[in-house]
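Below is one structure; the comments refer to it alone.
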Amino acid sequence: MPEMLGGTAIKPPERHGWEAFSYFMYDPDKGAIMGRTPKSWALITVFYIIYYSCLAAFWAACLLIFFQTLDNKVPKWEMDNGIIGRSPALGVRPEQAWELIDSSMIIYNQASEVSSDEMAGWKEWVDRSTEFLEVYKKPAKNAVDCGPDGPADGKVCKFDLSELGPCAKGNYGYDKGKPCIFLKLNKIFNLEHEYYNDTAAFPEKVPQAVKDRISKQKLAGADLNQVWIDCHGENPADVEGMGDIEYYPKTAAFHGKYYPYTNQDGYMNPLVAVQFLNPEAGQLLHIECRAYADNIEYDRRDKIGKAHFELLVHNQQTAK
């Protein structure tokens, strides 16, 4: 080896192209594979196995501790202690087709069973209604017919579809231009509604139509513990064009015997069906439905405490 004068390192040989790549893959001078000797590869492999094993064990322990704070049946935060609160939303069924899931418009051609590229026929709305009601046709074994005071322990109240009258059979009025829309309250665990059950002390926000229905049904006692429903057109033109409507059950309310919801097996959410008997063909109707109980808030701007949808029923003339 030549004598080094003032040198501290030896410049490695320069390799290019295939020679550089082959020496990177395996260096016969050092016995290195991709820059590391087999011993170095073994040490770093053992290190990362231990490192990631400890990391996975720590993550699993944290997850296990977290799950110990949760209950499979009861949410950790309830009502006012959580972000959901005590004011359930009012839902509308049947839902839209998947490709229009973000739309609140119920539009169909009453004169056509089959859908076209331009407009839905009545059959697809009937199919989605049937699919939604299917769960009510097969109640759980612990579902029983209840009195006004609710079920016994271990039981749930069965919701009988016969309460929905013509809105529970046939084509739900869609083929006759008299569609049925189903309303339901979203479930909030352990919520006991604060009912308006004294007709003499109803707040002014409760429409007179609700009070008239209660008087007509001659309700008393526990049967007054209900969440009342009222639907109306949002604008004068909508009120005129929507025509007459019929509610099923006739009380137009969710009975208190179904509440509170405590994640019971076989629980059935009560329904209210709203049938539009003679909506103006070809007119887009803006409909608002509200639920009335003292715990249910209302804000039209923020869409709290109400369900909003548009209804447009075409016949043979207006569908052209």
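Counting begins at 1 with the first residue of the sequence. Quantities reported herein were computed from a predicted structural model and do not represent experimental measurements.
- To the nearest 0.5 Å, atoms NZ (Lys184) and CD1 (Ile229) are separated by 12.0 Å.
- Within the 4.5 Å cutoff, no side-chain heavy atoms of Ser87 are placed close to those of Tyr298.
- Proximity of Pro88 to Lys187: side-chain heavy atoms (C-beta onward) are nowhere separated by under 4.5 Å.
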side-chain hydrogen bond (donor to acceptor under 3.5 Å, both in side chains) assessment of His255 paired with Asn225
CA-CA 6 Å; His255 201 289; Asn225 292 334; over 6 Å; no
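- We find that Lys205 and Asp230 are not joined by a salt bridge, their nearest charged nitrogen and carboxylate oxygen being 4.0 Å or further apart.
- No salt bridge links Asp212 with Lys216; every basic N to acidic carboxylate O contact stays at or beyond 4.0 Å.
- Distance check: Ile287 CD1 to Ser104 OG gives 11.0 Å after rounding to the nearest 0.5 Å.
- Counting only distance, with no hydrogens or angles, the side chain of Glu124 and the backbone of Gly121 share no donor-acceptor pair below 3.5 Å.
- Counting heavy atoms from C-beta on, the side chains of Phe202 and Trp228 come closer than 4.5 Å.
- Clustering ILVMFWY residues whenever any of their side-chain heavy atoms sit less than 4.5 angstrom apart, transitively, puts Ile107 in a cluster other than the one holding Val126.
- Side chain of Asp238 to backbone of His286: a donor-acceptor contact under 3.5 angstrom is found.
- The CD atom of Gln316 sits 9.0 Å away from the CD atom of Gln110 when rounded to the nearest 0.5 Å.
- Using modelled atom types, one side-chain atom of Asn315 and one backbone atom of Gln317 make a donor-acceptor pair closer than 3.5 Å.
- When the shell of 6.0 Å around NZ of Lys178 is examined, it contains 12 or fewer heavy atoms from other residues, nucleotides or ligands.
- Environment of NZ in Lys211: crowded, with over 12 heavy atoms of neighbouring residues, nucleotides or ligands closer than 6.0 Å.
- Looking at heavy atoms from C-beta onward, Asp299 lies out of side-chain contact with Glu297 at the 4.5 angstrom threshold.
- The side chain to side chain contact (heavy atoms under 4.5 Å, CB included) test with Phe159 singles out one residue from Asn269, Leu164, Val135, and that residue is Leu164.
- Checked by atom type and distance alone, the side chain of Thr69 pairs as donor or acceptor with a backbone atom of Phe66 at under 3.5 Å.
- The main-chain N or O of Glu194 is found under 3.5 Å from a side-chain atom of Asn295 such that the two form a donor-acceptor pair.
- A salt bridge does not link Lys250 with Glu163: every distance from a Lys NZ or Arg NE/NH1/NH2 to an Asp or Glu carboxylate oxygen is 4.0 Å or more.
- In Lys137, the NZ atom is crowded: over 12 heavy atoms of neighbouring residues, nucleotides or ligands sit closer than 6.0 Å.
- Glu234 has its side chain out of reach of Met242: every pair of non-hydrogen atoms, C-beta onward, lies at least 4.5 Å apart.
- Asn142 places a side-chain N or O within 3.5 Å of a backbone atom of Asp265 that can act as its donor or acceptor partner.
- If you take OG1 on Thr45 and CD1 on Ile50, they are separated by 11.0 Å, rounding to the nearest 0.5 Å.
- Residues Cys231 and Ile245 meet the side-chain proximity criterion, which asks for heavy atoms closer than 4.5 Å.
- Using a 4.0 Å cut-off between charged nitrogen and carboxylate oxygen, Glu95 and Arg93 count as a salt-bridge pair.
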May I have the step-by-step check of side-chain hydrogen bond (donor to acceptor under 3.5 Å, both in side chains) for His232 and Glu288, ending in yes or no?
CA-CA 6 Å; His232 54 270; Glu288 178 182 281; 3.2 Å; yes
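- Within the 3.5 Å criterion, the main-chain N or O of Ala111 finds a donor-acceptor partner in the side chain of Asn109.
- By the rule that hydrophobic residues join a cluster once side-chain heavy atoms approach within less than 4.5 Å of another member, Val272 and Leu133 end up as members of one cluster.
- Rounding to the nearest 0.5 angstrom, the gap separating the NZ atom in Lys73 from the CG atom in Leu70 is 15.5 Å.
- The structure places CD of Gln283 at 11.0 Å from OG1 of Thr318, a figure rounded to the nearest 0.5 Å.
- Residues Val92 and Trp125 share a single hydrophobic cluster, defined by chaining ILVMFWY side chains whose heavy atoms lie under 4.5 Å apart.
- Closest approach of Phe182 and Cys167 over heavy atoms only: CZ-O, 3.2 Å.
- A continuous path of ILVMFWY side-chain contacts below 4.5 Å connects Tyr108 to Phe276, so both sit in one hydrophobic cluster.
- Placement of Phe254 and Phe189 in two distinct hydrophobic clusters is found when ILVMFWY residues are connected by side-chain heavy-atom separations under 4.5 Å, directly or transitively.
- Residues Ile181 and Ile106 have side chains in contact (heavy-atom distance under 4.5 Å, counting atoms from C-beta outward).
- Heavy atoms only, all atoms of each residue included: Pro139 and Ala143 are closest at CB-CB, 3.9 Å.
- For the pair Tyr267 (side chain) and Tyr258 (backbone), a donor-acceptor distance under 3.5 Å is present.
- Taking the six-membered ring for Trp and thresholds of 30 and 60 degrees, Tyr259 and His193 have ring planes more than 60 degrees apart, a perpendicular arrangement.
- Dense packing is recorded around CD of Glu78, with more than 12 heavy atoms of other residues, nucleotides or ligands lying under 6.0 Å away.
- Residues Ile49 and Phe47 form no side-chain contact, since every pair of their non-hydrogen atoms from C-beta on lies 4.5 Å or further apart.
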